[in-house]
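Below you'll find the structure, written out as structure tokens, and then a few comments.
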Amino acid sequence: MAGHTTAPIVAAVDGGKAAARAADWAADEAQRQRHPLHIVHANEWPMFHSSAGAAAEEMAHAAREIVSRARDRAHERAPDIAIDAHTVDGYSSAVLLEHSRHAHMMVSGTRRLSGLEALWMGSTGLELAAQASCPVVLVPDVEPGQPRGIVSVGVDGSRAADAAAQQAFIAAAERGALLRVVCAYGPGSHGRFGPLEHADLTWHDASPEEVAARAEAERLLSESIAGEREHHPDVRVEEVVLRALPERALISESHRADMVVVGARGRGGFAGLVLGSVSQKLLHHADCPVMIVRAQGNQGA
């Protein structure tokens with residue numbers, strides 16, 4: 001993952017349950033990787049109201065209480081690492097993007113949504129995923145289960161997907177986990193909006209189009225991980241080529257994995273993964289943390 005080995009894992013907190021789950025995950029990850037943990041709360045009150053007076057002081061006190069409780073909770077989970085917790089006046093997205101410049105990883109919570117709420121609602125987490133200068137992990141507000149020993153990654157031959165594969169191999173190696181490498185193909189998986197652009201989903205298994213598309217997906221998958229397999233020979237790898245819409249393939253992976261890793265921008269089956277509706281479906285419906293990785297040349301762009 002990006003950054004010097006002493007760069008912190010940064011967890012965003014806001015006093016809510018989703019952020020608390022994300023901070024728990026960040027503390028566990030910092031303990032596993034032996035990185036310091038920084039807990040950050042953005043106090044937006046001064047952005048909309050006067051910074052003087054009783055109300056402002058009350059909000060500042062509440063912000064300090066949020067980070068104090070988060071720090072105490074993190075110390076209980078990860079007693080052997082350095083933990084810093086502080087509040088910063090400013091808009092959440094701007095504060096967290098600035099912290100991402102010097103972070104090993106950013107961690108934020110996200111809520112599972114449905115229907116029009118999921119379609120229209122934006123979030124600080126999505127903005128982080130699109131613009132952060134380091135990998136971003138979005139942790140769903142669901143009760144974590146027992147570790148499954150699986151990391152999944154979506155690949156499509158793009159630079160962002162190659163960067164995602166690199167981080168996925170590292171994550172699998174750190175956990176001693178099986179790495180499932182997934183490449184989706186099909187009439188609905190070669191456009192940013194999938195079935196909105198390709199209504200015909202009626203390929204037959206033995207059709208020339210099916211055979212050619214599957215062969216291309218297998219080639220992209222193999223090329224996407226060839227270098228990382230050499231660097232991580234001890235990581236167990238399972239190659240998964242599916243005729244499926246990319247968001248469905250990745251949401252399905254989240255039901256069995258401890259983490260799903262994807263590139264911030266892709267092509268083919270994973271095009272538009274962060275900035276479009278596909279990303280919202282994955283990030284708002286995943287059952288496990290989702291790591292978003294940008295290609296190195298795009299970090300902080």
Side-chain angles (χ1 to χ4, degrees), residues 1-7 9 29 32-35 100 103-106 129-130 132-137 148-185 189-190 212-244 246 249-250 253-254 256-274 278-279 282 288-301:
M1 298 172 194
H4 190 269
T5 55
T6 58
I9 291 175
E29 193 68 11
R32 178 186 295 111
Q33 297 189 31
R34 313 304 298 175
H35 278 259
S100 79
H104 176 70
M105 176 195 301
M106 299 292 296
S133 301
C134 65
V136 174
V137 177
R148 298 155 176 159
I150 298 174
V151 173
S152 297
V153 60
V155 299
D156 60 10
S158 66
R159 288 178 59 241
D162 291 346
Q166 180 183 35
Q167 299 301 335
F169 268 89
I170 293 171
E174 290 170 347
R175 290 164 172 76
L178 169 70
L179 177 60
R180 284 173 55 89
V181 185
V182 180
C183 188
Y185 72 97
S189 62
H190 288 286
R214 184 174 185 88
E216 174 66 6
E218 291 173 345
R219 182 189 68 80
L220 287 175
L221 188 156
S222 179
E223 291 181 356
S224 293
I225 64 173
E228 295 306 320
R229 288 189 107 157
E230 291 184 6
H231 293 143
H232 301 277
D234 295 333
V235 172
R236 295 169 295 139
V237 176
E238 182 177 344
E239 299 183 8
V240 183
V241 175
L242 297 172
R243 183 174 66 179
L250 295 176
E253 286 299 307
S254 80
R256 63 165 61 96
D258 297 318
M259 177 194 294
V260 174
V261 187
V262 291
R265 286 190 179 90
R267 68 181 189 188
F270 296 102
L273 191 59
V274 164
V278 173
S279 68
L282 171 63
C288 72
V290 176
M291 176 185 286
I292 311 295
V293 183
R294 302 178 69 199
Q296 191 62 40
N298 293 332
Q299 297 285 358

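Computed over heavy atoms, backbone and side chain alike; hydrogens, waters and symmetry mates excluded.
Across every non-hydrogen atom of Ala168 and Val151, the tightest pair is O-CG1, 4.1 Å. Across all their heavy atoms, Gly263 and Ala164 have their closest contact at N-CB, 3.6 Å. Among all heavy-atom pairs drawn from Met259 and Ala171, the shortest one is SD-CB, 4.4 Å. Closest heavy-atom contact between Arg236 and Ala177: NH2-C, 3.6 Å. Across Val155 and Ala165, no two heavy atoms sit closer than the pair CG1-CB, 4.3 Å. When all heavy atoms of Ala244 and Ala184 are compared, the closest pair comes out as O-CB, 3.5 Å.
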Check against side-chain contact (heavy atoms from CB on, under 4.5 Å), Val262 and Met291:
CA-CA 6 Å; Val262 291; Met291 176 185 286; over 6 Å; no
Which is it for His231 and Gln166 under the side chain to side chain donor-acceptor pair (under 3.5 Å) test, yes or no, and what are the steps along the way?
CA-CA 10 Å; His231 293 143; Gln166 180 183 35; over 6 Å; no
Does the pair Glu29 and Arg175 meet the rule for a salt bridge (Lys or Arg N to Asp or Glu O under 4.0 Å), with working shown?
CA-CA 10 Å; Glu29 193 68 11; Arg175 290 164 172 76; 2.7 Å; yes
Evaluate the side-chain contact (heavy atoms from CB on, under 4.5 Å) criterion for residues Met105 and His35: first the C-alpha distance (whole Å), next the side-chain angles of each, then the deciding distance (0.1 Å), finally the verdict.
CA-CA 10 Å; Met105 176 195 301; His35 278 259; over 6 Å; no
Output, in order, the C-alpha distance, side-chain angles, deciding distance and verdict of side-chain contact (heavy atoms from CB on, under 4.5 Å) for Leu178 and Arg148.
CA-CA 9 Å; Leu178 169 70; Arg148 298 155 176 159; over 6 Å; no
Show your working on side-chain contact (heavy atoms from CB on, under 4.5 Å) between Phe169 and Val237 and close with a plain yes or no.
CA-CA 9 Å; Phe169 268 89; Val237 176; 3.8 Å; yes
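Taking 4.5 Å as the limit, every side-chain heavy atom of Gln167 sits out of range of all side-chain heavy atoms of Val153. In this structure, the side chains of Ser254 and Val260 come closer than 4.5 Å at one or more pairs of heavy atoms. Contact annotation: the side chain of Leu242 never approaches that of Tyr185 to less than 4.5 Å [non-hydrogen atoms, C-beta and beyond]. In this structure, the side chains of Val240 and Val181 stay at 4.5 Å or more apart for every pair of heavy atoms. Contact annotation: the side chain of Val137 never approaches that of Val290 to less than 4.5 Å [non-hydrogen atoms, C-beta and beyond].
For Arg180 (side chain) and Glu238 (main-chain N/O), no donor-acceptor pair under 3.5 Å exists by modelled atom type. A distance-only check finds no donor-acceptor pair linking the side chain of His104 to the backbone of Thr6 [under 3.5 Å]. Distance alone, capped at 3.5 Å, is enough to place a donor-acceptor pair between the Ser100 side chain and the Ser133 backbone. When atom types are taken as modelled, the side chain of Ser224 and the backbone of Leu220 share a donor-acceptor pair closer than 3.5 angstrom.
For Arg32 and Glu174, the salt-bridge test fails: no basic side-chain N is under 4.0 Å from an acidic carboxylate O. The pair Arg229-Glu239 counts as a salt bridge, with a side-chain nitrogen and a carboxylate oxygen less than 4.0 angstrom apart.
From Glu223, atom CD reaches atom CG of Asp162 across 9.0 Å, with rounding to the nearest 0.5 Å. Taking NE2 from His232 and CG from Leu179, the interatomic distance works out to 10.0 Å, rounded to the nearest 0.5 Å.
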